[in-house]
Amino acid sequence: MKKPLFVISAFFLLVALSAAGKAGKAEAAKKTSVKAELKKGTLTISGKGAMMAKVKIKNKNKVKKVVIKKGVTTISNNAFKNYKNLKSVVIPKTVTKIGCKSFFGTPIRQLKVPSSVKTIGQEAFSNMPKLKTLTVPGKFSIKTVGGDDSSAGVCSNVDTVVFNTKLNVKRTAAFTSENFVVSKNDSKYKSIDGVIYSKDGKSIVRVPQLRKELVIDAQCEHFALQSVLDTNADNEGDPIGGSRVKKIVIPPSVKKVESAQYAGVCRNESYLSGEEKEGIALEIQSKQLDGTSLNELIIWLGAKPQDVMKQLPQQIHFANDMYISSDGALLKYAGKEKEVTIPAGVTKIGNYAFWRVNCLEKIHMPEGLKEIGDYAFYACSDVIREKELCVTFPSTIQRIGKSAFQLNAIKSLVIPKSISSYGEYAFADNKLSQVTLPDTLKTIPKGMFAGCQLKKIMIPDSVQEIGEEAFLDCTEVTEIQFGKSVKKIGNSAFQGTKVTAVILPVSVTHIGKNAFANNWEDAPKNRTITIAGSSKGIENSAFKTPEDTLIYQKSHQEMKTFFDSSYGKLLKLKAKIVFKWNKVKDASGYQAVFSTNNKFKKNKKTVWMKKSQKKVTVSVKVKKNQVKKVLSHKTVKIYGKIRPYKVVKGKKIYGRWTVNTFECDEY
């Protein structure tokens, strides 16, 4: 009799627990429920938790005021969009998130967003033609809708934006306004006449996008061009919107102009590359600007050098078709000669000075020249007709800037020891078939010789690092000789070369992604890659060609191989992966393990491959909850790892694991 009583008691206990669970859920739901009520033109949103996705009222045009009660934590996307008669809103400090287009198209004049808000959706306050003052936090994240409709702007055409907390200066790009007012408690910035300056007033930081005339404060010493260059980026990262200033007055106090400091979301590239920016008038009252500052004005604001010279006749002169500052900076070349002699006394060739003149065949540089700026000689020779550009550097040269000689017809080059600093892509995309590197060079910068026609690469013993893309797409290269000090080889450093044998010295500790990858049809097959040192720092896709044979000289434990692919197919609840791998000389075979878990503990499958095998197909079972839907297809991640082994006296000695992730899609 006791057993039935136990069963009955257990039954009632389960019923009670179930009822309690349901009551708990109901109570939780009650606590987080939010409701909307409209009375006499006032819409009240009350409750606790997130606001409902859509406010259901009969006629939104009757709403004149919105009161959001304490306890509500979010304002939904499109919550009050196009409420044509909404004039007043009260937002409590419990709100932490405001959705996309939440107040879009309303006639509100003033709106205060509490400092509690951490996220604001795109266009939350846009298309509000009567909005005069918007108070918002100085720091917040921007929620976008994604895709082609993605936008990083939250407010358009407001008179004044007031920041009620310390400012993240990058957030100013989200507002199209006439004035900015910074919090008095901000330790970094302050406002003067609606413009943001550094706290000490010596640097101008941000100019509101709607400001058409900028008169820099009389105490300012540093004109940071980011103040007018900063703008938003569209969904592809290109500049959108930005400063509409038509006139800038630079007072006598300004000593320096530069474009790097206070970098924000995106530079407005329409100011760049020596193209004249129509409609901007510069009134330069300062007599303290050096050649670098004048060069920045000409390049970034499109100022005409002849106009600047008229205002500053003591600081700029014109000779041999060149505008030269009094301190020896060549600001701009205005001629069309094939042979150019840089005058004695020039110590710096400014950024973009010879940008795309497309006529040079010979450049004579004077002793005393120390610096060649960014893009200084970019595309300045006739590449189409392959008119060779001859360049000889003086012994005094110390710095060559970013892309300084990119896209030219230079065929041979001797780089002097005196150069201590190089910019990215300094000599990229030239006709270079021969280059002599100095034995003092320690780092070959990113893209330095990318796209050149070199046949042999000789790396001096002094070089410790080869930057990413340094010799990318040098498709004529058949031989690479490394110096004894190379430690790091960057991503895609030698991608696209035609070398058939590579010997990496014992000093190498890191080889980046695609460093020696060959991805085109005519790429050499069956290359041999000899690694004298450790394999620990070799990235998965460093070689990427499964026909390559890897030779490890240090020990069998250093052996390492790599998958050739990161993709597979999803067939119902099975992931199918077809893969190849690099052959390792002296390996007896290979082991591969696959799993739906990155710790290789779920749905684990192990495959053993003989050294003679070239390709293997593996299927891994997956569960429904592991499959995700992306747009129109389903996908699942499968984790794989592979390693070689060598049988010595009947015992397997394993090399290092290489771990990979496979995206398996169903189409």
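Side chains are part of it too, since the values below use all heavy atoms of this structure and drop only hydrogens, waters and symmetry mates.
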Examine F405 together with F393 and report whether their ring centres are nearer than 6.0 Å.
yes

Least distance between heavy atoms, P416 atom then P438 atom
O-CG, 3.8 Å

More than 12 non-hydrogen atoms from neighbouring residues, nucleotides or ligands closer than 6.0 Å to NZ on K97, yes or no?
no

Test log, rule side chain to side chain contact (heavy atoms under 4.5 Å, CB included), inputs E468 and S492:
CA-CA 6 Å; E468 59 182 270; S492 301; 5.7 Å; no

Determine, step by step, whether E123 and C100 satisfy the side chain to side chain contact (heavy atoms under 4.5 Å, CB included) criterion, reporting the C-alpha distance in whole Å, the side-chain angles of both residues, the deciding distance to 0.1 Å, and the verdict.
CA-CA 6 Å; E123 299 184 282; C100 300; over 6 Å; no

Can you establish whether the number of heavy atoms outside N320 located under 6.0 Å from its atom CG is more than 12?
no

Salt-bridged, E283 to K247, with N to O below 4.0 Å?
yes

Any side-chain donor paired with an acceptor under 3.5 Å for T119 and S141?
yes

Closest contact, heavy atoms only, P114 versus P137:
O-CG, 3.4 Å

Heavy-atom distance under 4.5 Å between the side chains of I363 and L389, does that happen here?
yes

Atom pair NZ/CZ of K332 and F354 - distance to nearest 0.5 Å
9.5 Å

Taking only Lys NZ, Arg NE, NH1 and NH2, and the carboxylate oxygens of Asp or Glu, determine whether K199 and D186 approach each other closer than 4.0 Å.
no

Per the ring-ring contact (aromatic ring centres under 6.0 Å, His included) rule, which among Y378, Y333, F377 passes with W355?
Y378

Quick check: closest heavy atoms across A376 and I372, and the distance to 0.1 Å?
CB-CG2, 3.6 Å

Test side chain to side chain contact (heavy atoms under 4.5 Å, CB included) on V113 and V95; report intermediate values, then the result.
CA-CA 9 Å; V113 177; V95 171; over 6 Å; no

Just by distance, no angles: are the side chains of T176 and N157 close enough, under 3.5 Å, to form a donor-acceptor pair?
no

Looking only at atom types and distance, does a side-chain atom of D374 sit under 3.5 Å from a main-chain N or O of G401, one as donor and one as acceptor?
no

Main-chain N/O of G242 paired to T231 side chain as donor or acceptor, under 3.5 Å:
yes

On a heavy-atom basis, which atom in Q285 and which in V249 lie closest, and how many Å separate them?
NE2-CG1, 3.6 Å

Check whether H510 reaches the backbone of K487 with its side chain - one donor and one acceptor, N or O, closer than 3.5 Å.
no

Side-chain contact test, heavy atoms from C-beta onward, threshold under 4.5 Å: evaluate it for I248 versus E213 and give yes or no.
no

Aromatic plane relationship, F471 with F494 - under 30° parallel, 30 to 60° tilted, over 60° perpendicular:
parallel

Which pair of non-hydrogen atoms, one from I216 and one from C220, has the smallest distance, and what is that distance?
CG2-CB, 3.5 Å

Does the side chain of N127 come within less than 4.5 Å of K101's, by heavy atoms?
no

Answer with yes or no whether the side chains of E465 and T443 bring together a donor and an acceptor at under 3.5 Å.
no

Does one side chain, of Q406 or Y375, offer a donor that lies under 3.5 Å from an acceptor on the other?
no

Check the surroundings of atom CD in Q261: do more than 12 heavy atoms from other residues, nucleotides or ligands lie under 6.0 Å from it?
yes

Using side chain to side chain contact (heavy atoms under 4.5 Å, CB included) as the criterion, point out the one residue from L111, L131, I120 that pairs with C155.
L131

Are K256 and S293 close enough that some pair of their side-chain heavy atoms sits under 4.5 Å apart?
yes

Working to the nearest 0.5 angstrom, can you tell me the gap between T133 OG1 and Q110 CD?
4.5 Å

Please determine whether the number of non-hydrogen atoms from other residues, nucleotides or ligands lying under 6.0 Å from atom CD of E339 exceeds 12.
yes

Would a distance-only check, ignoring hydrogens and angles, find a side-chain to backbone donor-acceptor pair under 3.5 Å from Q315 to L289?
yes

Ionic contact status for E371 with R399, cut-off 4.0 Å
yes

Could you check if a side-chain atom of F103 sits within less than 4.5 angstrom of a side-chain atom of I98, using non-hydrogen atoms only?
yes

Distance-minimising heavy-atom pair for A515 and I489:
CB-CG2, 4.2 Å

Could you tell me whether a side-chain N or O of T160 sits under 3.5 Å from a main-chain N or O of N179, the two making a donor and an acceptor?
no

Does the S462 side chain pair with the main chain of L441, one donor and one acceptor, at a distance under 3.5 Å?
yes

Are the side chains of F104 and T106 in touch, meaning some heavy atoms are under 4.5 Å apart?
no

Looking only at atom types and distance, does a side-chain atom of S177 sit under 3.5 Å from a main-chain N or O of P208, one as donor and one as acceptor?
no

Atom NZ of K139 and atom CZ of F163: how far apart are they, to the nearest 0.5 Å?
12.5 Å

For a 4.5 angstrom cut-off between non-hydrogen side-chain atoms, does I316 reach L331?
yes

Any donor and acceptor pair, going by atom type alone, linking the side chain of S227 with main-chain N or O of R206 inside 3.5 Å?
no

Check whether any side-chain N or O of N491 sits under 3.5 Å from a backbone N or O of N514 as a donor-acceptor pair, and report yes or no.
no

Could you grab the distance from atom NZ of K310 to atom NZ of K304, nearest 0.5 Å is fine?
9.0 Å

May I ask you to check whether K348 and T292 show a side-chain donor-acceptor distance below 3.5 Å?
yes

Do E178 and R211 meet the salt-bridge criterion of a basic N to acidic O distance under 4.0 Å?
yes

So is K190 actually on top of Y197's ring, under 6.0 Å and inside 45° of the axis?
no

Where do F140 and N168 land on the side chain to side chain contact (heavy atoms under 4.5 Å, CB included) test, with the steps shown first?
CA-CA 8 Å; F140 58 87; N168 174 354; over 6 Å; no

With distance as the sole test, does Q288 use its side chain to make a donor-acceptor pair with the main-chain N or O of P252 at under 3.5 Å?
yes

State whether a side-chain donor-acceptor pair under 3.5 Å links H364 with T341.
no

Got E296 and L225 here, is their nearest side-chain heavy-atom distance under 4.5 Å?
yes

To the nearest 0.5 Å, tell me how far K387 NZ sits from S381 OG.
11.5 Å

Does K287 have more than 12 heavy atoms from other residues, nucleotides or ligands lying within 6.0 Å of its NZ?
yes

Measure the CD1-CD1 distance between I204 and I192 for me, rounded to the nearest 0.5 Å.
9.0 Å

Heavy-atom neighbours of E367 CD exceed 12 at 6.0 Å
yes

